[in-house]
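Step one of this worksheet: look at the structure below.
Start at 1 with the first residue, then count along the sequence. When a ligand or atom number is given, it counts from 1 through the structure's own listing order.
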Amino acid sequence: MSQFDYDLFVIGAGSGGVRAARVAAGHGARVAIAEESRVGGTCVIRGCVPKKLLSYAAHFHEDFEDSRNYGWTVGEARFDWSTLIANKDKEIDRLNSIYKKLLSGSKVDLLESRAALTDPHTVEVAGKRVTAKQILVAVGGWPEQPQIPGIEHAITSNEAFHLPALPKEVAIVGGGYIAVEFAGIFNGLGAKVTQLYRGEQILRGFDDDVRNFLAVEMGKKGIAIRTKTEVARIEKSGARLTLHLNDGSRMTCDAVMYATGRRPKSDGIGLAEIGVAVKPDGAIIVDAGSRTSVPNIHAIGDCTNRVNLTPVAIREGHAYADTVFGNKPWQVDHRTIASAVFSHPPAGVVGLSEAEARKDGHELDIYKADFKPLKHTISGRDERTLMKLVVERTSQLVLGAHMVGMDAPEIIQAIAIAVKMGATKAQFDAAVAVHPTAAEEFVTMRTPA
Ligand code: FAD
């Protein structure tokens, strides 16, 4: 009989923790998992899934308009926020219960309580001490806000999913993908949106053409993007908020949402006390196999602040469980991970941006297409699509593929297979186009820009 209560104790039942727990249990480990909020974690409860549902809702507005020139007469379109939120909540409840069933079906013990470490093998949870041979920290992250006067009047993405009503005027602070996505959501649902960002352009880290192109497209839809702008303080008067900006001006709105970054939720769970090294930004330091500075403690997902995406957390959890409990060691390759921004219009990217490739010293051929999608020739909507390939001149390897426009996230997933395989431009071109599609541009761009 083992000296420990469990072979594995997982702290956090989000994307990564649930996958690791189930796979480890499948390998025969006795597993317990603690969750202080709701099983499913950020992605299912307050991230990817509810966000995408809201984004779908926001697209209908344009769909109704676009249908007119196609011969449709649509009656007066009205939007009801509480119907959307109730149906979204129902779907989240359904997913939450599926996740719980997956855990119980895998014979993982679920402890619905906050957990903290008291030594490298002991977790304090729900008023008792539980021991385990291995510990996996998968506690995710949490929105971070600057401590300016009046910040208590602001919301984050967490609260945006549960607002009692759709605000008429919204200010979104931040320039990352969450800020950009919520700007599109609120705008599409009918709110007047201003996005305030302290940097030069939204979506820092993305290809510059993607950033500039998307900013223009968002602007055409009515989103006011104000760059190089910071909020100094927020004042509330009745139901209205006044934002005092760093240029001395002010603006008023009904809600202000901060999407200014997320911090790993690693504070206050005993990590430093037992010798787990953590960076000042809260990221738990791990090696390529997700091992922390304490050998029997591993960490995965957003709390390690590597690539903060659900499929990455899931893969890290899977690799951990196979390696430690399945005698099948493997590591996650964090290079060339495709990602999407569910903005309006959306973006999809994989591989290097032009600037990153140049910084790495590559001589490049750049291919670009900027066109009006067929759908909008008749709809009359002034929306364009951008596609871009970053190609290494000598080897002709496609180092990066970037797209802004309808269906970009769906298209980039398939393109990512080719880029990950190390396809050359000639191999892209050898694929006969699927016509008429937007995606065909990825195989028909002939002349470098
Ligand atoms: P999480 O899913 O955050 O899970 C951590 C869990 O640990 C949580 O349930 C938390 O309650 C629990 N926990 C924390 N501390 C303790 C404790 N001490 N005791 C017990 N339980 C604890 N990613 C994508 O790939 N695509 C997207 O479109 C996308 N959209 C997003 C939109 C938003 C608004 C946000 C906020 C995130 C989005 N993400 C998206 C990121 C994605 O949600 C995360 O990368 C992913 O959830 C990370 O998984 P994780 O397992 O590391 O952590």
For atom 32 (C) of ligand 1, the option (of Ser157, Gly47, Gly41, Ala20) bearing the nearest heavy atom: Gly47
Steps toward salt bridge (Lys or Arg N to Asp or Glu O under 4.0 Å) verdict (Lys236, Glu152): CA-CA 10 Å; Lys236 189 168 167 61; Glu152 66 277 11; over 6 Å; no
Contact with ligand 1 for Gly268, non-hydrogen, under 4.0 angstrom: no
Flag if over 12 foreign heavy atoms under 6.0 Å of NZ, Lys192: no
Side-chain touch Asp370/Asp209, heavy atoms, less than 4.5 angstrom: no
Distance filter under 4.0 Å to Asn308 heavy atoms, resulting ligand 1 atoms: 41 (C), 45 (O)
Arg129 and Glu124: CA distance, side-chain angles, deciding distance, salt bridge (Lys or Arg N to Asp or Glu O under 4.0 Å) verdict: CA-CA 5 Å; Arg129 291 192 170 207; Glu124 196 164 80; 3.1 Å; yes
Evaluation steps, salt bridge (Lys or Arg N to Asp or Glu O under 4.0 Å), between Asp322 and Arg315: CA-CA 10 Å; Asp322 277 352; Arg315 209 169 260 240; over 6 Å; no
Ser113: numbered ligand 1 atoms lying under 4.0 Å from its heavy atoms: 20 (C)
Mode of Ile178 contact toward ligand 1 - side chain, backbone, both, neither (heavy atoms, under 4.0 Å): side chain
Distance-only N or O hit between ligand 1 and Lys265, under 3.5 Å: no
Identity and distance of the protein heavy atom lying nearest atom 47 (O) of ligand 1: Cys43 N, 3.4 Å
Identity and distance of the protein heavy atom lying nearest atom 9 (O) of ligand 1: Glu35 OE1, 2.6 Å
Of Ile135, Val294, Val276, the residue whose pairing with Leu117 passes side-chain contact (heavy atoms from CB on, under 4.5 Å): Ile135
Positive for salt bridge (Lys or Arg N to Asp or Glu O under 4.0 Å) with Glu354, one of Arg211, Lys359, Lys388, Lys368: Lys388
Arg46 N/O under 3.5 Å from ligand 1 N/O: no
Heavy-atom closest pair, residues Cys303 and Ala138: SG-CA, 4.2 Å
Nearest candidate to atom 44 (C) of ligand 1, where distance is taken over non-hydrogen atoms, out of Asp302, Val49, Thr42: Asp302
Subset of ligand 1 atoms that lie under 4.0 Å from at least one heavy atom of Ala34: 20 (C), 21 (N)
Any N or O of Glu181 closer than 3.5 Å to N or O of ligand 1: no
Nearest non-hydrogen protein atom, atom 7 (O) of ligand 1: Gly12 CA, 3.1 Å
Steps toward side-chain contact (heavy atoms from CB on, under 4.5 Å) verdict (Met403, Thr385): CA-CA 7 Å; Met403 175 174 175; Thr385 290; 4.0 Å; yes
Atoms of ligand 1 close to Gly301 [distance to a heavy atom under 4.0 angstrom, numbered from 1]: 52 (O)
Residue pair His344, Glu383: steps toward the side-chain hydrogen bond (donor to acceptor under 3.5 Å, both in side chains) verdict: CA-CA 10 Å; His344 292 211; Glu383 181 181 305; over 6 Å; no
Lys168 and Asp254: CA distance, side-chain angles, deciding distance, salt bridge (Lys or Arg N to Asp or Glu O under 4.0 Å) verdict: CA-CA 6 Å; Lys168 285 199 176 67; Asp254 302 307; over 6 Å; no
Pairs flagged by ring pair (Phe, Tyr, Trp, His ring centres under 6.0 Å) wherever residues 144-201 is involved - sequence neighbours left out: Phe161-Phe182
For Gly16, atoms of ligand 1 separated by under 4.0 Å from a heavy atom: 51 (O)
Under 4.0 Å to a heavy atom of Leu309 - the qualifying atoms of ligand 1, by number: 23 (N), 24 (C), 25 (O), 45 (O)
From the candidates Ser266, Ala138, Ser339, the one that places a heavy atom nearest atom 5 (C) of ligand 1: Ala138
Under 4.0 Å to a heavy atom of Pro311 - the qualifying atoms of ligand 1, by number: 25 (O)
Contact check, Arg262 vs ligand 1, heavy-atom distance below 4.0 Å: yes
Atom 4 (O) of ligand 1 [closest protein heavy-atom partner, distance rounded to 0.1 Å]: Gly14 CA, 3.2 Å
Close approach of Ala116 to ligand 1, heavy atoms, under 4.0 angstrom: no
Residues, nucleotides or ligands: over 12 heavy atoms within 6.0 Å of Arg204 CZ: no
Shortest reach to atom 23 (N) of ligand 1 by a heavy atom, considering only Cys48, Ser55, Ala259: Cys48
Ile269: numbered ligand 1 atoms lying under 4.0 Å from its heavy atoms: 18 (N)
Whether over 12 other heavy atoms sit under 6.0 Å from Gln413 CD: no
For ligand 1, the portion of Val125 having any non-hydrogen atom under 4.0 Å away: neither
